[in-house]
Amino acid sequence: MTTGEQLLDEYEVVVVGGGAAGLSAALVLGRSRRSVLVLDSGQPRNAPAAGVHGLLTRDGISPEEYVAIGREEVRSYGGHVVDAKAQVVRGDVDHGFVVVLGDGREVRARRVLVTTGLMDELPDIPGVSEQWGRGVLHCPYCHGWEVRDQAIGVLAVTEQAAHQALLFRQWSADVILFVNDSVRPTDEESAQLAARGVRVVEGRVAAVESSDGRLTGVRMADGTVCEREVIVVMPRFIARADFLVDLGLTLTDHPKGAGRYIEADETGLTNVPGVYVAGNVANLMAQVGGAAADGAVAASAINMELVTEDARAAVAAAG
C-alpha cells in the first residue's frame with residue numbers, strides 16, 4: 001500500500017529506498033529541480049538500534065527521527081516520499097523504466113536509483129537474533145562508546161573475529177574471544193590478543209543467554225556459562241535487490257567475503273544504463289553518514305546525465 005502524496009504517472013527519478021542514501025539523493029535531486037519519488041518499504045536495517053551514532057550534528061538521534069527529518073527536507077523541495085515497496089523494475093523503450101509497486105500500481109522514470117540497503121544474516125546460535133541491535137552488536141564505531149567498560153564477548157564466525165576482538169579492546173579492558181570451534185586466530189593474532197589482555201575461550205558456543213531483556217552471558221556446549229554484558233558477531237551482509245532481476249542486475253560476492261552486493265562505478269552507475277545504486281546495497285560497510293554521502297554523489301551524477309540528455313534533445317528539436 002502507499003500513503004502520503006498522490007503519485008504522478010512519471011518522474012525523472014525514482015529512488016527505491018527511503019533511508020540515508022535515498023533521502024540524501026532525493027534532497028540533492030529536488031534542489032536540482034528534478035521530479036523525484038522516494039519509495040520506502042519501511043524496513044530500515046538500523047530499526048533495532050536506539051540511536052544513530054558518529055553522525056555529525058545528529059549524534060544519538062533515533063533512526064525514526066532521522067528519517068522523519070529527511071523526509072520533511074525532501075518534501076520541502078517538491079520531492080514525493082511514499083510508503084511503498086518496489087515489486088519489480090523493468091526497462092521501458094519510451095520512458096526508460098517502469099517501477100511496479102507492491103499494490104500493482106506503476107510509475108515511469110527516466111532514471112532509477114536503488115538505495116534499499118542490506119540484510120544482516122546472523123549466525124544460527126540461539127539468542128543472537130533476539131538481542132540483535134541491543135546486546136548483540138557488530139560495529140564498534142556505531143556502538144562502542146555505549147558499551148564502554150562493559151564485559152564484551154566476541155563470537156568467532158568469520159576470519160575477522162580476532163580483528164573484532166582487538167577493535168573492541170579499545171573500548172573495554174574485559175574482552176573475551178569465543179573461538180566457537182570456528183576460525184582460530186593466527187599465531188600473530190594470538191600474540192596480539194594476549195598482549196592486549198584479550199582472553200580466548202575454546203569450545204562451541206551453545207547459546208547467548210538473556211534475562212529480563214538484558215544479555216547476561218554465553219552458554220558453552222559443556223554447560224559452562226561465561227558472564228557477558230555484550231556480544232559481538234560479524235553478520236553476512238546481503239544487498240536487498242531481488243526486485244532488479246528483470247533488469248539483469250544480480251549480486252556479486254564481496255572480495256573479502258563480507259557478503260553480496262551490487263557492483264557499480266564510483267558514481268553508483270551499474271552495468272545497466274540509467275540504473276544507479278548507493279548506500280549499503282553497493283557499499284556493505286557504509287555507516288549512515290557514508291551512505292548519505294554516496295546518495296549525494298549518485299544524485300549529482302544522475303542530474304548531470306539528465307542535463308546532457310536534455311541538451312542533446314533540445315539541439316535535435318531545434319534542428
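- No side-chain donor-acceptor contact under 3.5 Å links R58 to the backbone of G54.
- Under the 3.5 Å distance criterion, with hydrogens and angles disregarded, a donor-acceptor pair is assigned to the side chains of D265 and T267.
- Note that CZ of R111 is 7.0 Å distant from CZ of F97, once rounded to the nearest 0.5 Å.
- L29 pairs in a side chain to side chain contact (heavy atoms under 4.5 Å, CB included) with only one of the listed residues (V38, I302, V74), which is I302.
- Contact annotation: the side chain of F243 approaches that of V114 to within less than 4.5 Å [non-hydrogen atoms, C-beta and beyond].
- Counting only distance, with no hydrogens or angles, the side chain of T115 and the backbone of G17 share a donor-acceptor pair below 3.5 Å.
- Using a 4.5 Å heavy-atom cutoff, the side chains of L118 and R240 are not in contact.
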Acceptor/donor pairs from residues 272-281 side chains to any protein atom, 3.5 angstrom cut, sequence neighbours excluded:
residue : atom : partner : partner atom : Å
Y276    : OH   : E305    : OE2          : 2.9
N280    : OD1  : R45     : NH1          : 3.4
N280    : ND2  : N283    : O            : 3.0
N280    : ND2  : A286    : O            : 2.9

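- The side-chain hydrogen bond (donor to acceptor under 3.5 Å, both in side chains) check on R108 picks up H95, with sequence neighbours excluded.
- The salt bridge (charged side-chain N to carboxylate O under 4.0 Å, His left out) test applied to E202 returns R184, not counting sequence neighbours.
- Remark: the backbone N or O of A258 is not paired with any side-chain donor or acceptor of R236 at under 3.5 angstrom.
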For this session: Could you go through the side chain to side chain contact (heavy atoms under 4.5 Å, CB included) check for L166 and L193 one step at a time?
Result: CA-CA 7 Å; L166 290 169; L193 292 167; 3.8 Å; yes
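- Placement of W132 and V288 in two distinct hydrophobic clusters is found when ILVMFWY residues are connected by side-chain heavy-atom separations under 4.5 Å, directly or transitively.
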Problem set entry | Residues I176, V198; criterion side chain to side chain contact (heavy atoms under 4.5 Å, CB included); working and verdict | CA-CA 6 Å; I176 294 177; V198 176; over 6 Å; no
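- A 4.5 Å side-chain heavy-atom check between L7 and V82 finds at least one atom pair inside the cut-off.
- D124 CG: 12 or fewer foreign heavy atoms inside a 6.0 Å radius.
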For this session: Give the C-alpha distance, both sets of side-chain angles, the deciding distance and a yes or no for side chain to side chain contact (heavy atoms under 4.5 Å, CB included) between V128 and I231.
Result: CA-CA 9 Å; V128 168; I231 295 299; 5.7 Å; no
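- For R31, the CZ atom counts as loosely surrounded, since its 6.0 Å shell holds 12 or fewer non-hydrogen atoms of other residues, nucleotides or ligands.
- Here the closest heavy-atom approach between residue Y11 and residue V36 is recorded as CD2-C, 3.7 Å.
- Applying the 6.0 Å contact sphere to CD of E72 captures no more than 12 heavy atoms from other residues, nucleotides or ligands.
- Annotation: ring pair (Phe, Tyr, Trp, His ring centres under 6.0 Å) contacts involving residues 29-78, sequence neighbours excluded, are absent.
- Scanning all heavy atoms of the two residues, the minimum distance from G18 to D40 falls at O-OD2, 3.7 Å.
- A 4.5 Å side-chain heavy-atom check between P185 and S190 finds at least one atom pair inside the cut-off.
- Cluster membership check: M285 does not share its hydrophobic cluster with V297, using side-chain heavy-atom separations under 4.5 Å among Ile, Leu, Val, Met, Phe, Trp and Tyr.
- The side-chain contact (heavy atoms from CB on, under 4.5 Å) search around E64 returns S62, not counting sequence neighbours.
- Within the structure, side chain to side chain donor-acceptor pair (under 3.5 Å) pairs that include any residue of residues 158-177 comprise D174-R228 (at least two apart or interchain).
- By the side-chain hydrogen bond (donor to acceptor under 3.5 Å, both in side chains) test, R204 pairs with no residue at all, sequence neighbours left out.
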For this session: Give the C-alpha distance, both sets of side-chain angles, the deciding distance and a yes or no for side chain to side chain contact (heavy atoms under 4.5 Å, CB included) between L306 and V13.
Result: CA-CA 10 Å; L306 292 175; V13 185; 4.1 Å; yes
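- Summarising the local packing, CG of D92 is surrounded by more than 12 heavy atoms from other residues, nucleotides or ligands at distances under 6.0 Å.
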Donor-acceptor contacts under 3.5 Å from residues 210-219 side chains, at least two apart:
residue : atom : partner : partner atom : Å
S210    : OG   : Q131    : NE2          : 3.2
T216    : OG1  : E209    : O            : 3.2
R219    : NE   : E209    : OE2          : 2.7

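- Residue pairs that meet the salt bridge (Lys or Arg N to Asp or Glu O under 4.0 Å) test with at least one member in residues 12-22, sequence neighbours left out, are E12-R34, E12-R110.
- Between the side chain of T224 and the backbone N or O of M220, no donor-acceptor pair lies under 3.5 Å.
- Here the shortest heavy-atom pairing between A292 and S24 reads O-OG, 2.7 Å.
- With sequence neighbours excluded, the residues satisfying salt bridge (charged side-chain N to carboxylate O under 4.0 Å, His left out) with R90 are E106.
- Taking CG from D83 and CG from L39, the interatomic distance works out to 10.0 Å, rounded to the nearest 0.5 Å.
- Under the 4.5 Å side-chain heavy-atom criterion for ILVMFWY residues, no single connected hydrophobic cluster contains both V88 and V112.
- Atom CD1 of I262 is separated from atom CG of N271 by 9.5 Å, given to the nearest 0.5 angstrom.
- Sparse packing is recorded around CG of D187, with 12 or fewer heavy atoms of other residues, nucleotides or ligands lying under 6.0 Å away.
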Under 3.5 Å, which donor-acceptor pairs do the side chains of residues 138-157 form with other protein atoms, sequence neighbours left out?
residue : atom : partner : partner atom : Å
R148    : NH1  : W145    : O            : 2.6
Q150    : NE2  : E146    : O            : 3.3

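- In terms of hydrophobic clustering, with Ile, Leu, Val, Met, Phe, Trp and Tyr side chains grouped at heavy-atom distances under 4.5 Å, V208 and V232 are assigned to different clusters.
- Side chains of T250 and T252 form no contact here, defined as non-hydrogen atoms less than 4.5 Å apart.
- Closest heavy-atom contact between R105 and D103: N-OD1, 3.1 Å.
- Checking side-chain atoms of S41 against main-chain N and O of A84 turns up no donor-acceptor pair under 3.5 Å.
- What you find for L113 and A298 is that their closest heavy atoms are CD1-CB, 3.9 Å.
- With values rounded to the nearest 0.5 angstrom, E263 atom CD is found 10.0 Å from D253 atom CG.
- Of all heavy-atom pairs between A25 and A299, the closest is O-CB, 3.4 Å.
- Hydrophobic cluster membership differs between V98 and L37, with clusters built from Ile, Leu, Val, Met, Phe, Trp and Tyr side chains linked at under 4.5 angstrom.
- Sorted by first and then second residue, the ring pair (Phe, Tyr, Trp, His ring centres under 6.0 Å) pairs involving residues 294-316 (not counting sequence neighbours) form an empty list.
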